[in-house]
Peer 1: 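Before we start, here is the structure in question, set down as structure tokens.
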Amino acid sequence: MSYQPYDDLMNPWYFMYQPVSYKLEGRMGSRKDLRKMIKTCRKLGVRLYSDAVINHMVGCGNDANTQHRNSNGGSCTNWGNKTSSASEPSPFYSQCFAYTFNPLSGQPPSQEFPAVPYGPTDFHCERTLSSWNSPLDLNAGWLVGLTDLNTERENVQERIADYLTDLISLGFSGFRIDAAKHIQPTDLVAIFTKLKRNLGGSFPDDFITWLEVLLGGEAQLLMCNTKSGYNYGATFVEQFKANGFTDEEINKIKVWASWYPNAPDEDCGGVGRLRSVIQNDDADQQNPGSSSRDMHGRGSVLVKEKNVPLHRSFEVKLFEDPYGVQNNEVDYPIRVVLSSYYFPENGARGIPDGKSDCSLCTTTCDGCKTVKFREAYDANSKGYDDPQVNQYTRVHRDSDIVNAMRAWMRL
């Protein structure tokens, strides 16, 4: 873990989306802890799906290089090395803010992640993601400065497929693929083809995965224009078929419907209701200023609006009569409910697991915005707990939502 704030934030949540290896060691525990949790959940009939970050590695500048320097208006800020949150940290090197050579290679630092292993040629050259309608920028651009993997490379595809295979071997039933629209469709097809091969030629019976493809204003490029060269709709399906995937297997690879609830048909039929994963409240929208989905009054973000009756009504509707549904027995077979936590009023964006508490700070602590520890489990919770400072929401335990879910599933 870091013991120095970043922009006054102590270990903010988004650090968890900046991997340095695939070791399954870090903020949330060890590989052994994870295996134990999965085993317990499986015994209780609960499936788990991993949030897989495979588009990129960590952003540059917070690495094992002994010195970093950033010039700003004629003055310099210096800082030392930072590695990772694991109990046995994975060293890595990146190109930014460094003015000393890598002591191992004797060369100027570049992208080196030996615990994976990835080297400099396994990444796209640094490119600003300046156009959301450019296939090149979407695929090769460094999303908010994160080092972008060159997923066209065979060895990178193989390493990602091996990582996903490892997750399945631990007992996960599938994945949410983070930032999937920044991995070109042909590369995703190749990765899933290799994963299927690793699993003996077929997916597990309970396997599903869903891709985070935020349409924004790019529906024509990403869904409607089948000749765009960057299509996650009908063309994506045809590419899977060309690689020997059956209709049943393709239906297991779904797309998170960012167009729900406001524009149910924005995918131009390329994904369809069988392969769309729908959700009311999602993690991206919880951040101040987020414009990932404009629901136009057809949904509610709990930690922002703090309107429990309104939020509950949209969560119930998700199961009773979701927007755009034609046959509620068949359409949208995967519907997602988010349980999260309220951010404190001091502007901190950490997790109430105790690791975003400024009492851990040892360097440049002035201005640190703290997030106090709260127990994640409360046996007495009925859902929608009071919006106290960094309190968990536990929406999934609300009786109205549970009953709507059970009725839809005919339980």
Peer 1: Please determine which of Asp148, Val156, Leu149 meets the side-chain contact (heavy atoms from CB on, under 4.5 Å) test together with Phe123.
Peer 2: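 Result: among Asp148, Val156, Leu149, Leu149 is the only option passing the side-chain contact (heavy atoms from CB on, under 4.5 Å) with Phe123.
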Peer 1: Pro19 versus Val58: any side-chain heavy-atom pair under 4.5 Å?
Peer 2: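 Not in contact.
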Peer 1: Side chains of His124 and Glu152: donor-acceptor distance under 3.5 Å anywhere?
Peer 2: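 There is such a pair (donor and acceptor under 3.5 Å, judged by atom type) between the side chains of His124 and Glu152.
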Peer 1: Quick one: does Ser313's side chain have a donor or acceptor within less than 3.5 Å of a partner on Leu310's backbone?
Peer 2: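 Side chain of Ser313 to backbone of Leu310, a donor-acceptor pair under 3.5 Å: yes, one is there.
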Peer 1: Please examine the side chains of Glu112 and Asp63, heavy atoms only from C-beta on, and report whether any two atoms are closer than 4.5 Å.
Peer 2: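 They are not in contact (no side-chain heavy atoms under 4.5 Å apart), so the answer is no.
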Peer 1: To check you understand the geometry: which heavy-atom pair defines the closest contact between Tyr232 and Val271, and what is its length?
Peer 2: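 Heavy-atom minimum between the residues: O-CG2, 4.1 Å.
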Peer 1: Using every non-hydrogen atom in the two residues, find where Gly217 and Asn133 come nearest and quote the distance to one decimal.
Peer 2: O-OD1, 4.2 Å
Peer 1: Are any of the side-chain nitrogens in Glu249 or Lys196 under 4.0 Å away from the carboxylate oxygens of its partner?
Peer 2: yes
Peer 1: Look at atom CG of Asn327 and say whether more than 12 heavy atoms of other residues, nucleotides or ligands are closer to it than 6.0 Å.
Peer 2: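 Atom CG in Asn327 is crowded, with more than 12 foreign heavy atoms closer than 6.0 Å.
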Peer 1: Using only heavy-atom distances, determine whether the side chains of Asp267 and Ser276 contain a donor-acceptor pair under 3.5 Å.
Peer 2: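 No, no side-chain donor-acceptor contact under 3.5 Å.
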Peer 1: Just by distance, no angles: are the side chains of Gln111 and Ser94 close enough, under 3.5 Å, to form a donor-acceptor pair?
Peer 2: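 Note: Gln111 and Ser94 side chains miss the donor-acceptor criterion.
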Peer 1: Kindly give the heavy-atom pair with the smallest separation between Val402 and His396, and that separation in Å.
Peer 2: CG2-O, 3.3 Å
Peer 1: Give, for atom CD1 of Ile38 and atom CZ of Arg47, the distance between the pair rounded to the nearest 0.5 Å.
Peer 2: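 If I round to the nearest 0.5 Å, the distance is 14.0 Å.
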Peer 1: Using a strict threshold of under 4.0 Å (side-chain N to carboxylate O), is an ion pair present between Asp400 and Arg312?
Peer 2: yes
Peer 1: Could you give me the CA-CA distance, side-chain angles and deciding distance for Met57 and Val116, then say whether side chain to side chain contact (heavy atoms under 4.5 Å, CB included) is met?
Peer 2: CA-CA 10 Å; Met57 302 300 281; Val116 178; 3.7 Å; yes
Peer 1: I need the full list of disulfide bond (SG atoms under 2.5 Å apart) pairs touching residues 311-358, with sequence neighbours left out, sorted by first then second residue.
Peer 2: Cys358-Cys368
Peer 1: So, Asn55 versus His182: side-chain donor-acceptor pair below 3.5 Å or not?
Peer 2: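 No - no donor-acceptor pair under 3.5 Å links their side chains.
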Peer 1: Under 4.5 Å between any side-chain heavy atoms of Phe113 and Ser21, yes or no?
Peer 2: no
Peer 1: Do Arg349's NZ or CZ and the ring of Tyr14 fall within the cation-pi criteria of under 6.0 Å and 45°?
Peer 2: no
Peer 1: Answer yes or no: does atom CZ of Arg42 have more than 12 heavy-atom neighbours from other residues, nucleotides or ligands under 6.0 Å?
Peer 2: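 Yes, enclosed.
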Peer 1: Do Asn11 and Ser356 have side-chain N/O donor and acceptor atoms under 3.5 Å apart?
Peer 2: no
Peer 1: Run the side-chain hydrogen bond (donor to acceptor under 3.5 Å, both in side chains) check on Gln184 and Asp187 step by step: do they pass?
Peer 2: CA-CA 6 Å; Gln184 63 185 3; Asp187 296 347; 3.2 Å; yes
Peer 1: Is Lys32 paired with Glu25 through a side-chain N to carboxylate O contact shorter than 4.0 Å?
Peer 2: no
Peer 1: Mind running salt bridge (charged side-chain N to carboxylate O under 4.0 Å, His left out) on Asp265 and Arg273 for me, showing each step along the way?
Peer 2: CA-CA 9 Å; Asp265 296 312; Arg273 287 166 175 78; 2.9 Å; yes
Peer 1: Are side-chain heavy atoms of Leu199 and Pro204 found at a separation under 4.5 Å?
Peer 2: yes
Peer 1: Could you verify whether a donor N or O on one side chain and an acceptor N or O on the other, from Asp321 and Asn328, lie under 3.5 Å apart?
Peer 2: no
Peer 1: Does the side-chain hydrogen bond (donor to acceptor under 3.5 Å, both in side chains) test come out yes or no for His311 and Tyr384, once each step is laid out?
Peer 2: CA-CA 10 Å; His311 188 272; Tyr384 287 110; 2.7 Å; yes
Peer 1: Under the side chain to side chain contact (heavy atoms under 4.5 Å, CB included) criterion, do Tyr332 and Arg275 qualify, and how do the steps go?
Peer 2: CA-CA 7 Å; Tyr332 306 134; Arg275 291 182 54 237; over 6 Å; no
Peer 1: Would you say Gln220 and Ser228 make side-chain contact, with heavy atoms under 4.5 Å?
Peer 2: no
Peer 1: Parallel, tilted or perpendicular: which fits the ring planes of Phe314 and Tyr323, with parallel below 30° and perpendicular above 60°?
Peer 2: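 Tilted: the ring planes of Phe314 and Tyr323 meet at 30° to 60°.
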Peer 1: When you compare the side chain of Leu211 with that of Leu188, does any pair of heavy atoms fall below 4.5 Å?
Peer 2: yes
Peer 1: Which residue in the set Gln285, Glu305, Lys306 passes side-chain contact (heavy atoms from CB on, under 4.5 Å) when paired with Ser300?
Peer 2: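 When Gln285, Glu305, Lys306 are each tested with Ser300, the side-chain contact (heavy atoms from CB on, under 4.5 Å) holds only for Glu305.
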Peer 1: With no hydrogens and no angle check, do the side chains of Gln95 and Ser110 hold a donor and an acceptor under 3.5 Å apart?
Peer 2: no
Peer 1: Begin from the C-alpha positions of Gln326 and Asp331 and carry the test side-chain hydrogen bond (donor to acceptor under 3.5 Å, both in side chains) through to its verdict.
Peer 2: CA-CA 7 Å; Gln326 296 172 350; Asp331 296 347; 5.9 Å; no
Peer 1: Do Lys181 and Glu218 sit within salt-bridge range, that is, some charged N less than 4.0 Å from a carboxylate O?
Peer 2: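 Yes, this pair counts.
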Peer 1: Return the set of residues passing salt bridge (charged side-chain N to carboxylate O under 4.0 Å, His left out) with Arg35 (not counting sequence neighbours), or none when no residue passes.
Peer 2: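 If we apply the salt bridge (charged side-chain N to carboxylate O under 4.0 Å, His left out) test to Arg35, skipping adjacent residues, there are no hits.
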Peer 1: What's the verdict on side-chain hydrogen bond (donor to acceptor under 3.5 Å, both in side chains) for Asp137 and Ser130, showing C-alpha distance, side-chain angles and the deciding distance?
Peer 2: CA-CA 7 Å; Asp137 279 8; Ser130 56; 3.2 Å; yes
Peer 1: Grab the two heavy atoms, one from Pro5 and one from Cys361, that are nearest each other, plus how far apart they are.
Peer 2: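 Of all heavy-atom pairs spanning Pro5 and Cys361, the closest is CD-SG, 3.5 Å.
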Peer 1: About how many Å separate CZ of Phe373 and CD1 of Ile351, when rounded to the nearest 0.5 Å?
Peer 2: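 One gets 12.5 Å once the value is rounded to the nearest 0.5 Å.
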Peer 1: Side chains of Glu320 and Trp408 only: does a donor on one sit below 3.5 Å from an acceptor on the other?
Peer 2: no
Peer 1: With sequence neighbours left out, what residues match Cys96 under disulfide (SG to SG under 2.5 Å)?
Peer 2: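 For Cys96 the disulfide (SG to SG under 2.5 Å) partners, ignoring immediate neighbours, are Cys60.
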Peer 1: Indicate whether the side chain of Asp162 and that of Thr165 have a donor and an acceptor atom separated by less than 3.5 Å.
Peer 2: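 Judged by distance alone, the side chains do not pair up.
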Peer 1: Within a strict 4.5 Å, meaning less than it, do heavy atoms of the Arg176 and Thr209 side chains meet?
Peer 2: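 A side-chain contact is absent here, since even the closest heavy-atom pair is not under 4.5 Å.
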Peer 1: Using the ring of each side chain (for Trp, its six-membered ring), is Tyr118 parallel, tilted or perpendicular to Tyr22, with breaks at 30° and 60°?
Peer 2: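 Tyr118 and Tyr22: perpendicular rings.
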Peer 1: For a quick check under 3.5 Å, do Gln279 and Asp282 share a side-chain donor-acceptor pair by atom type?
Peer 2: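 No - no donor-acceptor pair under 3.5 Å links their side chains.
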Peer 1: Regarding Gln239 and Thr186, do their side chains bring together a donor and an acceptor under 3.5 Å, going by distance alone?
Peer 2: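 Checked: Gln239/Thr186 side chains show no N/O donor-acceptor pair below 3.5 Å.
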Peer 1: Quick one: does Met10's side chain get under 4.5 Å of Gln4's, heavy atoms only?
Peer 2: no
Peer 1: Using distance alone, with no hydrogens and no angle criterion, decide if Thr226 and Asn231 have a side-chain donor and acceptor under 3.5 Å apart.
Peer 2: no
Peer 1: Work out which heavy atom in Thr151 is nearest to a heavy atom in Ile160; give both atom names and the distance.
Peer 2: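 Closest heavy-atom pair between Thr151 and Ile160: CG2-CD1, 4.0 Å.
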Peer 1: To check you understand the geometry: which heavy-atom pair defines the closest contact between Val336 and Leu318, and what is its length?
Peer 2: O-CD2, 3.4 Å
Peer 1: Kindly determine whether Asp122 and Asn150 satisfy side chain to side chain contact (heavy atoms under 4.5 Å, CB included), including the steps that lead there.
Peer 2: CA-CA 5 Å; Asp122 295 326; Asn150 186 349; 5.7 Å; no
Peer 1: Decide, yes or no, whether a salt bridge links Asp166 with Arg31 under the criterion of side-chain N to carboxylate O below 4.0 Å.
Peer 2: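 Salt bridge between Asp166 and Arg31, a charged N being under 4.0 Å from a carboxylate O: yes.
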Peer 1: Evaluate Tyr342 against Tyr392 for side chain to side chain contact (heavy atoms under 4.5 Å, CB included), listing each step before the verdict.
Peer 2: CA-CA 6 Å; Tyr342 294 97; Tyr392 291 94; over 6 Å; no
